[in-house]
Q: 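Got a structure for you, written out below as structure tokens; questions coming shortly.
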Amino acid sequence: MIVVRDLTDLRDRLGDWRAQGLTIGLVPTMGALHAGHLSLIDILRKRTDRVVVSIFLNPKQFDSDADLERYPRDLDSDVAQLAGQGTDLVYAPSAEEMYPQGFATTVSVAGLTDSLEGAHRQGHFIGVATVVAKLLIQCQPDAALFGEKDYQQLAVLSRLVADLDLPVEIVPGPIVREADGLALSSRNAYLSAEERQIAPKLYETLIDLAARAEAGEALAGLEAEGAATLLAAGFDHVDYLEFRDADSLEPVATLNQPTRLLAVARLGETRLLDNLPVG
Ligand code: PAF
């Protein structure tokens, strides 16, 4: 496995592979890798000849310095986990490499980013879209994989790729869960032992609400009940819990179209995201 830190090296290596007619897959990450990331690599490994994993803790997508500061980072451990897991190249640029002095361009995707995470994290999706546009242009992969846990991010990046005619296939990666249902996330490391006991209630509640929606119960009532259930279970706050159109992410009142149930609930300072297909 090759580790490169700058764009010139990256282009040299990827150019060699392309000259040999090999296809390239990209898994963008911010490090703090866990089994969920490794499963994404496995999915891509089956579709492309070479797999690149980027590790870049993108400061532009954090809306608070405190959140950025406490985000776990350990490049050596990330690289050790990737070695022998089917990754061919790790691209780990520095912040100066990604955003050199004078960097002034941003990419923003309208509409899809207005609500849900966009409403709770100022500037988040501009940071995500800007860095992912750069990574896709830098690596020019045939396929790029993004996890469904960040479902709105996946929708936003699919829109970005379509709108900018980027010749890359976006591959969704299914959510990977702990045995008790908690979706894997780098942020789970923040949970205290007590919070960790409460956390799986999020998935449990979503499963129950999705089944009842499919059985014909009114969606608005289920949303209100779901939020109350989470608060009663010990969550400190529910940022949102909503049934949305699976493609446009517009609110829905009935299950007449592919639908997604999306939620974020907080335990202390930790925001837990989860979502499920419905219907
Ligand atoms: O999902 C993530 O880890 C990040 O938002 C991404 C896509 C790597 C961009 O920094």
Side-chain angles (χ1 to χ4, degrees), residues 7 10 25-41 43-44 51-64 67-75 77-79 81-82 87 89-99 103 105-109 112-113 116-118 120-139 141 143-161 164 166 168-176 183-190 249 262 264 270-275:
L7 191 50
L10 177 77
L26 173 68
V27 182
T29 80
M30 296 203 298
L33 301 180
H34 50 66
H37 294 107
L38 301 182
S39 82
L40 301 184
I41 295 162
I43 293 172
L44 217 47
V51 175
V52 174
V53 174
S54 64
I55 299 180
F56 179 63
L57 186 53
N58 176 32
K60 291 195 185 293
Q61 69 186 78
F62 286 80
D63 59 350
S64 106
D67 193 21
L68 174 60
E69 274 313 305
R70 76 170 185 156
Y71 199 87
R73 53 198 98 192
D74 187 347
L75 183 60
S77 140
D78 289 338
V79 168
Q81 282 195 70
L82 292 172
T87 301
L89 187 147
V90 175
Y91 174 46
S94 63
E96 294 72 35
E97 180 77 12
M98 192 58 95
Y99 302 120
F103 184 87
T105 301
T106 52
V107 179
S108 83
V109 178
L112 276 172
T113 58
L116 306 171
E117 286 305 279
H120 286 270
R121 301 180 69 191
Q122 207 56 42
H124 170 68
F125 281 120
I126 291 180
V128 170
T130 301
V131 81
V132 171
K134 286 200 63 148
L135 288 166
L136 293 175
I137 291 165
Q138 291 174 341
C139 299
L145 202 140
F146 297 93
E148 284 185 333
K149 191 172 81 64
D150 295 300
Y151 189 82
Q152 187 178 14
Q153 169 174 279
L154 177 62
V156 167
L157 296 175
S158 302
R159 185 77 259 158
L160 175 150
V161 160
L164 299 184
L166 297 178
V168 55
E169 181 194 359
I170 297 291
V171 181
I175 299 177
V176 181
L184 293 194
S185 164
S186 309
R187 289 188 158 88
N188 292 351
Y190 305 153
L249 295 184
L262 301 114
V264 169
T270 308
R271 300 177 77 240
L272 295 181
L273 282 77
D274 208 340
N275 65 82

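Note that the coordinates shown come from a computational prediction; the quantities given were computed from them, not determined experimentally. Each ligand, and each atom within it, is numbered from 1 in the order the structure gives.
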Q: Using a 3.5 Å cut-off on N/O to N/O, what pairs does ligand 1 make with the protein? A line per pair would be great.
A:
| from | atom 1 | to | atom 2 | distance (Å) |
| --- | --- | --- | --- | --- |
| ligand 1 | 1 (O) | Gln153 | NE2 | 2.8 |
| ligand 1 | 5 (O) | Gln61 | NE2 | 2.9 |
| ligand 1 | 5 (O) | Gln153 | OE1 | 2.7 |
| ligand 1 | 10 (O) | Gln61 | OE1 | 2.6 |

Q: Dump the intermediate steps for salt bridge (charged side-chain N to carboxylate O under 4.0 Å, His left out) on Arg271 and Glu117, then the final yes or no.
A: CA-CA 11 Å; Arg271 300 177 77 240; Glu117 286 305 279; 2.8 Å; yes
Q: List the residues meeting side chain to side chain contact (heavy atoms under 4.5 Å, CB included) with Leu40, not counting sequence neighbours, and say none if there are none.
A: Val27, Leu145
Q: Parallel under 30°, tilted from 30 to 60°, perpendicular over 60°: which one fits the rings of His34 and His37?
A: tilted
Q: Under 3.5 Å, sequence neighbours excluded: what are the donor-acceptor pairs made by side chains of residues 122-133?
A:
| from | atom 1 | to | atom 2 | distance (Å) |
| --- | --- | --- | --- | --- |
| His124 | ND1 | Gln61 | O | 2.9 |
| Thr130 | OG1 | Val107 | N | 2.9 |
| Thr130 | OG1 | Ile126 | O | 2.6 |

Q: Under the salt bridge (Lys or Arg N to Asp or Glu O under 4.0 Å) test, which residues partner Asp63, sequence neighbours left out?
A: none
Q: Looking at every non-hydrogen atom in both residues, tell me the closest pair between Arg187 and Thr270 and how far apart they are.
A: O-CG2, 3.7 Å
